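Worksheet: one structure, shown below.
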There are 2 protein chains.
Amino acid sequence: MRISDVVAEYIRRMLDESDGTAEIQRNELANSLGCVPSQINYVISSRFTQEQGYVVESRRGGGGYIRITRIRLTTDKGSVIMHIVNSVGESLDELSANIILENLCSNGVISQEVTKLITAGVSERVLTQVPKVLRNEVRATIFKNMLLTLT
Amino acid sequence: MRISDVVAEYIRRMLDESDGTAEIQRNELANSLGCVPSQINYVISSRFTQEQGYVVESRRGGGGYIRITRIRLTTDKGSVIMHIVNSVGESLDELSANIILENLCSNGVISQEVTKLITAGVSERVLTQVPKVLRNEVRATIFKNMLLTLT
DNA sequence: TTGACTTTGACTTTAACTGACTTTAGCCTT
DNA sequence: AAGGCTAAAGTCAGTTAAAGTCAAAGTCAA
């Protein structure tokens, strides 16, 4: 198993056990999980981004910390979707799309069925025929249009 | 016996033994079966396609993998969809897509929500960025892949 | 002998991981 | 206060470990 997944798992558990907020000390955690400190930054920047529904704050120096908070989507589904649609630009890569969809799904905004459907519709596999330079743009268009049918 | 068949056989056995899902490491498998890594891609793309009822996911980079899942048709609806998927060729125009979808919808095979979603995903409007000559092909691919998630 | 299917390997892309170096905050000493 | 020491966290570019792509060459049956 990848170290990144171990770290991510550890943080997720902390989030679950406390009320959606985890405060860690970078060096200490790195040490206890047997990785290099910057690995923690890597994990956070690849798996706990704002797009994925987390807020990260931190402080350097003596007594420093990293605090990760999971944002609960409380707003109504329609406006959540509108918000996503507006925040997606003219271009969207596959990984980002998947992350957004997983998030919407785990927050109950869209069903598993819909998640799978849209995931399939914007997957790289499906777009191999379109010229590479256009793929992310086409993906963004498809993605937004499909989401919009749900509002 | 061809190497491709050995590889395909190996993967099929994995699928049978586990619960219809096989996760492999490309290089490792290639090595243990005595072929070149890209052979695995060839086998997958020629024998484990969507039309043949498989879903393939993968991840690159350290700790990467290829996961192949066999879709099993449990429901009657599943086989209707499978039939449609197989009857759609490499190319599909918007009108035909819409007709098929409306049919599936009015026969209760797919919901209105799903109908709207797929319709949006294969609409001409969404594909304006892709070169005209490719549009119907891309549409067919998207269409089939989306439908397959419903089986 | 031709055309579809297979095999191969060189090259590309992506994700994970690492460590040297930088920046920041608190504390202590004067 | 000011300056320096120390204990954090941040950055970034470079390395490694995968999987993906593609076109050229090989095989084989009709």
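This is a predicted model, so every value here is computed, not measured.
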### Query
How many angstroms lie between atom CD1 of B:I100 and atom OG1 of B:T119, to the nearest 0.5 angstrom?
11.0 Å
### Task
Between A:I3 and A:G62, just flag the one whose closest nucleotide in DNA chain C comes earlier from the 5' side.
A:I3
### Task
To the nearest Å, give me how far apart CZ (A:R60) and C1' (C:dC27) are.
18 Å
### Message
Please compare A:K132 and B:G61 by the position of their nearest nucleotide in DNA chain D and report the one closer to 5'.
### Response
B:G61
### Query
Roughly, in whole Å, what's the span from CG in B:N41 to P in C:dT8?
14 Å
### Query
With a 4.5 Å limit on heavy-atom distance, are the side chains of A:R12 and A:E9 in contact?
yes
### Query
Which is true for A:I66 with a 4.0 Å heavy-atom rule: it touches a base, it touches only sugar-phosphate, or it touches nothing?
sugar-phosphate
Considering only nitrogen or oxygen atoms on both sides, find all protein atoms under 3.5 Å from nucleotides 23-29 of chain D and state each distance.
none

### Query
Salt-bridged, B:D93 to B:R135, with N to O below 4.0 Å?
no
Below 3.5 Å between N/O atoms, which protein atoms pair up with nucleotides 19-21 of chain C? Just atom names and distances, please.
residue : atom : partner : partner atom : Å
C:dG19  : N7   : A:S38   : OG           : 3.2
C:dG19  : O6   : A:S38   : OG           : 2.8

### Task
Counting heavy atoms from C-beta on, name the nucleotide in D:dA9, D:dA19, C:dA16 closest to the side chain of A:R26.
D:dA9
#### Entry: Rounded interatomic separation in angstrom, taking CG from A:L29 and C1' from D:dA9
13 Å
### Task
Let me know the distance between CD1 of A:I40 and P of D:dA9, rounded to the nearest Å.
9 Å
### Task
Pick base, sugar-phosphate or nothing for B:R47, based on heavy-atom distances below 4.0 Å to the nucleic acid.
sugar-phosphate
### Task
Please determine if B:D16 and B:R13 form a salt bridge, counting it only when a charged side-chain N lies under 4.0 Å from a carboxylate O.
no
### Task
Report the distance from atom OH of A:Y42 to atom C1' of D:dT16, rounded to the nearest whole Å.
12 Å
### Message
Please classify the nucleic acid contact of A:R2 as base, sugar-phosphate, or nothing, using heavy-atom distances under 4.0 Å.
### Response
sugar-phosphate
### Query
Which residue, B:Y42, B:Y10, B:Y54, forms the ring-ring contact (aromatic ring centres under 6.0 Å, His included) with B:F48?
B:Y54
